[in-house]
Structures are given as C-alpha cells and as structure tokens.
Enquirer: 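Here it is, the structure, as structure tokens.
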Amino acid sequence: MKIGEISERSGVSVRMLRYYETEGLLTPLRRDSGYRDYSEADVEEARRIRQLADAGLTVEAMRDLLPCIISPEPRFDPCENLRARLDGELEKLDRKLEDMARSRDLIASYIASLSP
DNA sequence: GTTCTAACA
DNA sequence: TGTTAGGA
C-alpha cells in the first residue's frame, strides 16, 4: 500500500512516516515508481510507533522498545534492557516534572505579586 | 490527484 | 512537524 493509506490506517502523518524511515524504524519496499510500498505488518508497526510517540518517547528509545513488543507475551532475550530503558525514561519525565513545577511556582508568585 | 526530495519563516 | 517548491 502507498504512504497515504498507511498514514490513514495508522494515524501517523505522512511526514512522520518518512522521518521514521530515515531513522530506521520502518523500512518499506520501493516500487519502480519510487513510491514507498508498505506491508500489512508495517501498519501494525506504525501503530506501535504511534503509541510510543504518544508516550513521549524518543526515536532512540523506540528503537530499543519496538523489538520487545513484537508479541505481547514473550519478551525475554532481546528485552533485558527494556526495564532499564523504561526506568530511564521515567527518570527523565520526573526531572522534567520537577522543572515544570518550579516554573509553575515561579509564575504563580509573579501573579501573586501583581495585584496585592 | 498522489508521492518524492529538499528546504524553510 | 507542517508546509511548500518543482518533478515525475
């Protein structure tokens, strides 16, 4: 199928689908026309990618995680680092949350000093 | 009308 | 990420 169809079916923009390909996350075949040719499996892969992206994960993190989501059940060999990776992402989010909380308090104090 | 690459306000 | 240019 062409890029437009997989885009609609996966909810991933055409722009992002091309970007993910340059990052090695998706590798569609090429037709003689030069058009990308996606498989049915690519649709599922694209949907997984969308979920990870929705979770705020970077392409780098997705590269580690995607191989572990192939089958919802068995996740052993290639996924020893999955826990570590997710823990790392969680820590990154925690730090971000702390920074945002500080910004929030700062802005709140500015507002408070506005009209006494 | 769709897709491609490259590049930008 | 969107959008646009210029081709195919």
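Protein chains get the first letters and strands the later ones, always in sequence-line order, with residue 1 at the start of each.
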Enquirer: Does any residue of residues 6-23 of chain A have a heavy atom under 4.0 Å from DNA chain C, and if so, which ones, in number order?
Expert: A:Ser13, A:Arg15, A:Met16
Enquirer: Flag yes if more than 12 heavy atoms outside A:Arg30 fall under 6.0 Å of its CZ atom; otherwise flag no.
Expert: yes
Enquirer: Would you name the heavy atoms of A:Val14 and A:Ser7 that are closest together and state the gap between them?
Expert: N-OG, 3.5 Å
Enquirer: Is A:Ile107 isolated, or which residues cluster with it under the ILVMFWY side-chain rule of less than 4.5 Å, directly or via members?
Expert: A:Ile111
Enquirer: How close or far is atom P of B:dT3 from atom NZ of A:Lys2, stated in whole angstroms?
Expert: 6 Å
Enquirer: Are the side chain of A:Arg47 and the backbone N or O of A:Arg9 linked by a donor-acceptor pair below 3.5 Å?
Expert: yes
Enquirer: Touch check for A:Arg31, heavy atoms < 4.0 angstrom, all strands: base, sugar-phosphate only, or nothing?
Expert: nothing
Enquirer: Whole angstrom is fine here: how far is it from OH in A:Tyr38 over to P in B:dT2?
Expert: 16 Å
Enquirer: Could you give me the stems involving DNA chain C, meaning stretches of three or more consecutive Watson-Crick or G-U wobble pairs whose two defining distances are both below 3.5 Å?
Expert: B:4-8 with C:2-6
Enquirer: Would you check if the side chain of A:Arg50 reaches a backbone N or O of A:Ser10 as a donor-acceptor pair within less than 3.5 Å?
Expert: yes
Enquirer: Rounding to a whole Å, what distance do you find between A:Arg36:CZ and B:dT2:P?
Expert: 16 Å
Enquirer: Give a yes or no on whether the backbone of A:Arg18 and the side-chain of A:Arg36 come within a donor-acceptor separation of less than 3.5 Å.
Expert: no
Enquirer: Could you tell me if the side chain of A:Leu86 sits less than 4.5 Å from the side chain of A:Leu65, heavy atoms only?
Expert: yes
Enquirer: What is the distance, to the nearest angstrom, from the CD atom on A:Glu5 to the P atom on B:dT2?
Expert: 13 Å
Enquirer: If hydrophobic clusters are built from ILVMFWY residues whose side chains come within less than 4.5 Å, do A:Tyr35 and A:Met1 share one?
Expert: no
